[in-house]
Amino acid sequence: MPNELQGRRIAFLATDGVEKVELERPRAAVEDAGGQVELLSVETGEIEARNHDLEPAGTFAVDRAVAGASVDEFDALVIPGGTVNADKLRLDESAVAFVGDFVRSGKPVAAICHGPWALIEAGVVRDRTLTSYPSLRTDLRNAGATVVDQEVCIDGNLITSRSPEDLDGFCQAITDQFAATPAHT
């Protein structure tokens with residue numbers, strides 16, 4: 001439905017090294033469904049995207065720094081992957097606090113590929129079932145999560161996916177789950 005996310009504000013959290021397609025396609029899906037997207041990062045300005053972690057793939061304009069954002073302003077959060085992106089996010093105290101607060105709020109949080117590293121760092125995966133890029137699965141298990149190998153995994157307010165190959169299912173799952181959650185007031 002073209003307006004199923006009308007009135008909803010969705011935060012995307014990413015930084016340099018974000019996998020271009022994992023930011024572009026979910027953002028387009030949210031916007032096509034009528035949602036308003038705000039790109040948060042660890043710094044203002046622009047972030048550098050990548051294809052397959054290594055190839056430069058342009059930039060994205062950041063709307064504002066995550067340190068100045070509040071969970072109360074948004075209806076859902078998306079954390080794209082990219083190895084460098086995910087590693088930088090988990091080293092930033094403001095990003096980690098924002099992710100942890102978002103998950104604990106009960107609002108939907110979606111993470112794809114390496115994005116779940118931010119969930120691990122925020123301490124919110126214990127006793128949850130998730131999927132991720134294969135190289136993160138040991139980290140998830142060590143943090144107390146149950147790991148499954150499937151296109152999309154939904155456990156309560158957490159939506160996870162493995163890789164860019166799963167973007168069709170991931171985009172459908174996030175728009176469905178975000179639409180099922182009441183808009184903030």
Side-chain angles (χ1 to χ4, degrees), residues 4-5 8 10-15 17-19 21-23 25-27 29-30 33 35 40 42 50 52-53 66 69 71 74-182 184:
E4 64 186 325
L5 296 181
R8 288 181 175 77
I10 313 302
F12 276 65
L13 178 59
T15 192
V18 66
E19 188 70 23
V21 70
E22 293 176 7
L23 175 56
R25 292 225 6 234
R27 180 168 74 178
V30 167
L40 306 177
V42 297
R50 294 284 182 265
H52 311 292
D53 275 332
V66 67
V71 171
F74 300 98
D75 299 298
L77 171 63
V78 177
I79 308 167
T83 308
V84 172
N85 168 63
D87 198 45
K88 287 183 175 192
L89 287 178
R90 69 184 179 156
L91 291 173
D92 185 86
E93 289 180 21
S94 296
V96 171
F98 186 75
V99 169
D101 290 346
F102 224 106
V103 173
R104 287 185 288 276
S105 78
K107 296 177 183 182
V109 175
I112 186 167
C113 204
H114 286 79
W117 257 344
L119 300 173
I120 293 168
E121 196 65 33
V124 294
V125 301
R126 180 167 300 285
D127 300 323
R128 304 296 295 266
T129 300
L130 297 97
T131 194
S132 71
Y133 194 74
S135 63
L136 271 69
R137 294 180 185 163
T138 298
D139 295 342
L140 284 166
R141 285 186 196 97
N142 287 343
T146 298
V147 178
V148 295
D149 183 11
Q150 59 194 49
E151 179 182 51
V152 175
C153 178
I154 300 172
D155 180 350
N157 65 326
L158 292 181
I159 307 151
T160 52
S161 220
R162 299 174 296 199
S163 72
E165 287 76 32
D166 297 330
L167 276 166
D168 288 342
F170 183 71
C171 290
Q172 185 65 57
I174 66 173
T175 55
D176 290 349
Q177 292 298 308
F178 297 174
T181 303
H184 80 285

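One distance of note links CZ of Phe102 with CG of Leu13; it measures 10.0 Å at 0.5 Å rounding. Between atom CD1 of residue Ile112 and atom CZ of residue Arg25 there is a gap of 8.5 Å, rounded to the nearest 0.5 Å. In this structure, CZ on Arg90 lies 13.0 Å from CD1 on Ile79, to the nearest 0.5 angstrom. If you take CZ on Arg162 and CG on Leu136, they are separated by 14.0 Å, rounding to the nearest 0.5 Å. To the nearest 0.5 Å, atoms CG (Leu89) and OG (Ser94) are separated by 11.5 Å. Note that the CD atom of Glu151 and the OG1 atom of Thr160 stand 11.5 Å from one another [nearest 0.5 Å].
Nearest heavy-atom pair across Pro80 and Asn85 is O-ND2, 3.0 Å. Scanning all heavy atoms of the two residues, the minimum distance from Tyr133 to His114 falls at CD2-CE1, 3.5 Å. When every heavy atom of Phe170 is checked against every heavy atom of Ile159, the shortest pair comes out as CE1-O, 4.1 Å. Nearest heavy atoms, Asp75 versus Pro108: O-CD, 3.3 Å. Across all non-hydrogen atoms, the minimal contact from Phe12 to Leu23 is CD2-CD1, 3.4 Å. The minimum heavy-atom distance between Val42 and Ala95, with the atom names listed, is CG1-CB, 4.4 Å.
Between the side chain of Arg8 and the backbone N or O of Thr181 there is at least one donor-acceptor pair closer than 3.5 Å. A donor-acceptor contact shorter than 3.5 Å is absent between the side chain of Glu19 and the backbone of Gly81.
Of the residues Lys107, Gln177, Arg128, the one that meets the side chain to side chain donor-acceptor pair (under 3.5 Å) test with Asn157 is Arg128. Under the side-chain contact (heavy atoms from CB on, under 4.5 Å) rule, Leu119 has a single partner from Val96, Leu140, Leu130, which is Leu130.
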Please report the C-alpha distance between Asp53 and Arg50 in whole Å, then the side-chain angles of each, then the deciding distance to 0.1 Å, and finally whether the salt bridge (charged side-chain N to carboxylate O under 4.0 Å, His left out) criterion is met. CA-CA 5 Å; Asp53 275 332; Arg50 294 284 182 265; over 6 Å; no
Would Ile10 and Arg27 count as a side chain to side chain contact (heavy atoms under 4.5 Å, CB included) here? Give the steps. CA-CA 9 Å; Ile10 313 302; Arg27 180 168 74 178; over 6 Å; no
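Residues Ile174 and Pro26 have side chains in contact (heavy-atom distance under 4.5 Å, counting atoms from C-beta outward). Looking only at side-chain heavy atoms (C-beta outward), Asp92 and Lys88 stay at 4.5 Å or farther from each other. Under the 4.5 Å side-chain criterion, counting only non-hydrogen atoms from C-beta, Trp117 is in contact with Asp139. Between Thr131 and Arg137, the closest side-chain pair of non-hydrogen atoms falls below 4.5 Å.
The neighbour count for Gln150 CD, taken as heavy atoms of other residues, nucleotides or ligands under 6.0 Å away, is above 12.
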